[in-house]
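Okay, so here's the structure we're looking at.
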Protein chains: 2
Amino acid sequence: MVTIRDVAKAAGVSLTTVSRAYNPKAVIRASTRERILAIAEELGYVPNLSARSLVTNQKFVLGVFFSNLRSGTPETFLSTVINSVYEVLPDDYLLSVNDIAHLTNFEARVQMRMAGVLVVSQSPADDAFIQRLAKAQIPTVVINRDLGEPNSYNVCSDDRLGVYQAMAYLAKAGHQRVGMIAGLPGYTSAQQRRQGFDDGVRDYGLTRVAEAMRPGDYSVQAGREQMTAILQLPAATRPSAVLCADDDTAVGALRACYQAGVSVPEEMSVVGFDDSIYAAMSVPALTTVKKPIVQMATAGITKLLALIAGENDAVVHKDVIAPSLIVRESIADRHK
Amino acid sequence: MVTIRDVAKAAGVSLTTVSRAYNPKAVIRASTRERILAIAEELGYVPNLSARSLVTNQKFVLGVFFSNLRSGTPETFLSTVINSVYEVLPDDYLLSVNDIAHLTNFEARVQMRMAGVLVVSQSPADDAFIQRLAKAQIPTVVINRDLGEPNSYNVCSDDRLGVYQAMAYLAKAGHQRVGMIAGLPGYTSAQQRRQGFDDGVRDYGLTRVAEAMRPGDYSVQAGREQMTAILQLPAATRPSAVLCADDDTAVGALRACYQAGVSVPEEMSVVGFDDSIYAAMSVPALTTVKKPIVQMATAGITKLLALIAGENDAVVHKDVIAPSLIVRESIADRHK
DNA sequence: CTGAAAGCGCTAACAA
DNA sequence: TTGTTAGCGCTTTCAG
């Protein structure tokens with residue numbers, strides 16, 4: 001293994017000078033640095049991060065935590081977030097992917113070794129973990145869920161607005177009677193989406209069909225069951241469109257329609273939320289509100305890196321990103 | 001920060017003894033070890049891995065590499081593999097998720113810091129990377145692709161057998177005329193699946209419909225286009241079932257049927273491969289061959305840990321795991 | 001079974 | 001702008 005000594009010897013300088021060559025803010029003559037770096041390169045020298053960590057206490061791992069990898073994590077999240085992180089990850093950092101629900105050995109794995117943590121949070125169940133990070137003074141940014149906590153760093157999407165846009169589209173497409181299959185009770189996202197629905201109904205003068213306002217839990221099963229219930233209503237009193245709290249729910253709803261012989265979108269329009277990978281694949285392809293995962297992840301990781309760099313004052317505590325409507329095939333144009 | 005010194009002082013022993021308490025194979029009186037561990041626990045001592053690494057040269061990061069996270073990685077892989085790894089990951093290891101196609105700084109990130117690497121390989125494009133790992137002497141296990149290289153450690157699935165089982169099922173369900181939309185030319189998996197198809201046709205006396213033997217590339221688009229082409233055939237000469245090289249292809253095929261007004265499975269049966277997350281969600285739900293990802297990942301990581309532990313002789317170079325058929329709704333029973 | 005001492009590769013004062 | 005020196009926290013000989 002070639003060490004800093006070897007480079008120093010080869011370059012005819014001291015260890016310190018070599019060390020300085022690798023520290024961007026060290027005082028060193030530019031020509032010296034270049035010469036050293038060239039020689040180091042040639043020798044195949046790679047700085048030993050363990051040694052550096054030992055003395056500087058710096059860490060070179062960025063942790064990304066998901067609420068629960070075994071179930072419930074929209075799969076799209078994983079690859080999207082990981083990709084976004086790599087987009088801006090410094091060259092000597094490693095990216096570690098973890099699962100909050102099944103984490104063991106917080107001290108050794110997180111506290112001792114992670115320079116910062118990006119939490120992709122799905123539910124309040126993560127709060128204990130988030131607080132633990134705060135207590136351990138680990139730079140942390142939480143994305144995907146509105147924490148409603150002014151001291152933390154948080155990036156989330158404006159779900160209310162997203163649904164509101166969908167409602168606008170529905171109204172413009174000539175829909176009048178609408179229903180909704182809700183999200184998990186207690187979840188901020190569920191409340192916000194419901195709010196967007198209610199605001200849309202109000203502002204666009206739509207009719208909320210009481211029997212078609214159904215509970216849900218962000219699952220395919222719920223989507224199927226609740227849509228099946230909605231389809232029991234006589235066609236005349238049924239809503240012409242149902243807003244589903246997320247794409248899983250919508251996929252379930254689509255299945256219910258299929259099984260009931262109700263064609264989508266001709267007899268029933270369905271809207272989702274997330275733009276999960278199912279959305280484009282479903283039959284018919286799902287019109288849905290695209291959650292801005294890429295933007296959240298990018299903004300989050302950028303914040304995080306700034307925090308790690310100690311630029312806390314320059315970092316805004318909260319970003320709210322607007323989702324966008326992705327129009328596919330599951331909403332009928334009733335004007336035709 | 002509480003260090004080994006603090007523990008030593010509190011326990012009235014030397015640094016060395018504390019160190020030994022943490023090394024399972026060190027010679028130390030059991031009672032001493034217990035006492036020290038208890039005191040350490042109480043003080044909140046956590047061994048500093050940087051320091052340990054510095055002297056022992058051990059690494060405490062396990063790398064998992066995917067061919068390409070930005071596109072083409074079946075999303076199911078990610079969470080499944082990560083979960084399987086955590087199932088057996090030692091408590092002080094970190095799991096780092098990486099992308100072969102976009103990896104930078106191999107030396108600092110991989111060579112210097114990873115104790116071992118699990119490669120989830122999709123294509124021969126990964127070979128250069130795999131060779132680099134070998135050159136750097138990093139314990140490596142490749143899963144998901146048959147490397148056909150006796151010196152490496154490799155876990156893959158018997159795709160031929162999987163398809164063969166599907167063919168058996170098709171034959172038993174009364175299908176006679178069959179077609180196939182193939183995988184990416186040049187890929188081992190594509191060849192193996194084709195082989196399974198051919199073997200099935202031969203052994204079960206089926207009829208291969210020449211016009212329904214189509215090229216493909218493991219994409220939804222290809223599935224749609226090729227199935228559309230197949231559906232041009234007059235119903236009488238069409239196959240009653242089409243085997244798709246993977247689930248993406250099958251989902252595309254399903255869409256083509258939907259758009260052509262051909263009902264699945266009544267008028268056309270479709271089989272996939274992988275058991276991706278789409279499979280259960282599609283309409284109708286896809287009957288498919290389940291790739292044994294969990295088993296491959298578990299076997300792979302177990303092998304890898306053994307290699308890291310230096311037990312090379314005890315590790316079998318190659319495992320081949322049998323896939324299983326998952327019966328859902330996309331194959332018709334023609335006996336009815 | 002336990003302790004003393006040396007040193008892993010690097011950075012950070014402090015001098016020069 | 002560069003070099004000298006003293007550790008960072010730990011493991012590992014080698015004695016005892």
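First the proteins, then the strands, lettered A, B, ... as listed; each starts at 1.
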Should Tyr45(A) be listed as having a side-chain N or O under 4.0 Å from OP1 or OP2 of dC10(C)?
yes
Are the side chains of Leu62(A) and Leu118(A) in contact, using a 4.5 Å heavy-atom criterion?
no
Is there a side-chain polar atom (N or O) of Ser19(A) under 4.0 Å from OP1 or OP2 of dC10(C)?
no
Closest to the Thr16(B) side chain, choosing from dG3(C), dA13(C), dT11(D):
dG3(C)
Residue-phosphate contact under 4.0 Å: Ser14(B) side-chain N/O, dG3(C) OP1/OP2
yes
Roughly how far, to the nearest 0.5 Å, is NE2 of His317(B) from CG of Leu147(B)?
12.5 Å
In sequence, state the C-alpha distance, the side-chain angles, and the governing distance for Arg145(B) and Asp127(B), and then conclude on salt bridge (Lys or Arg N to Asp or Glu O under 4.0 Å).
CA-CA 11 Å; Arg145(B) 185 168 66 94; Asp127(B) 286 346; 2.6 Å; yes
Approximate separation, where rounding is to 0.5 Å, of Arg109(B) CZ and Phe60(A) CZ:
12.5 Å
Over how many whole Å does the gap from Tyr22(B) atom OH to dT12(D) atom P extend?
16 Å
Report yes if a side-chain nitrogen or oxygen of Thr32(A) is closer than 4.0 Å to either non-bridging phosphate oxygen (OP1 or OP2) of dT2(D); otherwise report no.
yes
Among the nucleotides dT1(D), dG3(D), dT12(D), whichever has the atom closest to the side chain of Val27(A) is dT1(D)
Need one value for Val18(A): base, sugar-phosphate or nothing, where a base atom within 4.0 Å counts as base even if backbone is also close, heavy atoms only.
nothing
To the nearest angstrom, the NZ-P distance between Lys9(A) and dT2(D) comes to 20 Å
Between dC10(C) atom C1' and Asp92(A) atom CG, what is the distance in whole Å?
15 Å
Considering every strand and a 4.0 Å limit on heavy-atom distances, what is the contact class for Ser53(B): base, sugar-phosphate, or nothing?
nothing
Can you tell me the distance, in whole Å, between the CZ atom of Arg5(A) and the C1' atom of dG9(C)?
9 Å
note: Leu15(B), atom CG; dT13(D), atom P; distance rounded to Å ~ 17 Å
Atom-pair distance (CD1 on Ile36(B); P on dG3(C)), nearest Å:
8 Å
Separation of atom CD in Glu34(A) from atom P in dT1(D), rounded to whole Å:
13 Å
What nucleotide, of dC10(D), dC10(C), dA4(C), holds the atom closest to the side chain of Ala51(B)?
dC10(D)
Side-chain N or O of Thr17(A) closer than 4.0 Å to phosphate OP1/OP2 of dT2(D)
no
Mind checking whether Phe65(A) and Phe129(A) have parallel, tilted or perpendicular rings, split at 30° and 60°?
tilted
Taking any heavy-atom pair under 4.0 Å as a contact, classify Thr56(B): base, sugar-phosphate, or nothing.
sugar-phosphate
Testing dG9(C), dT11(D), dT2(C) for proximity to the side chain of Arg20(B), the answer is dT2(C)
Assign each of Ala30(B) and Asn48(A) to its nearest nucleotide of DNA chain C by heavy atoms, then name whichever residue's nucleotide is nearer the 5' end.
Ala30(B)
Ring centroid separation Phe66(B) to Phe77(B) under 6.0 Å
no
Regarding the side chain of Arg29(A), the nearest nucleotide among dC10(C), dT2(D), dA5(C) is dT2(D)
Tell me: CG of Asn57(B) to P of dG7(C), nearest whole Å?
17 Å
Between Leu54(B) and Ile28(B), which is nearer to the 5' end of DNA chain C once each is assigned its nearest nucleotide?
Ile28(B)
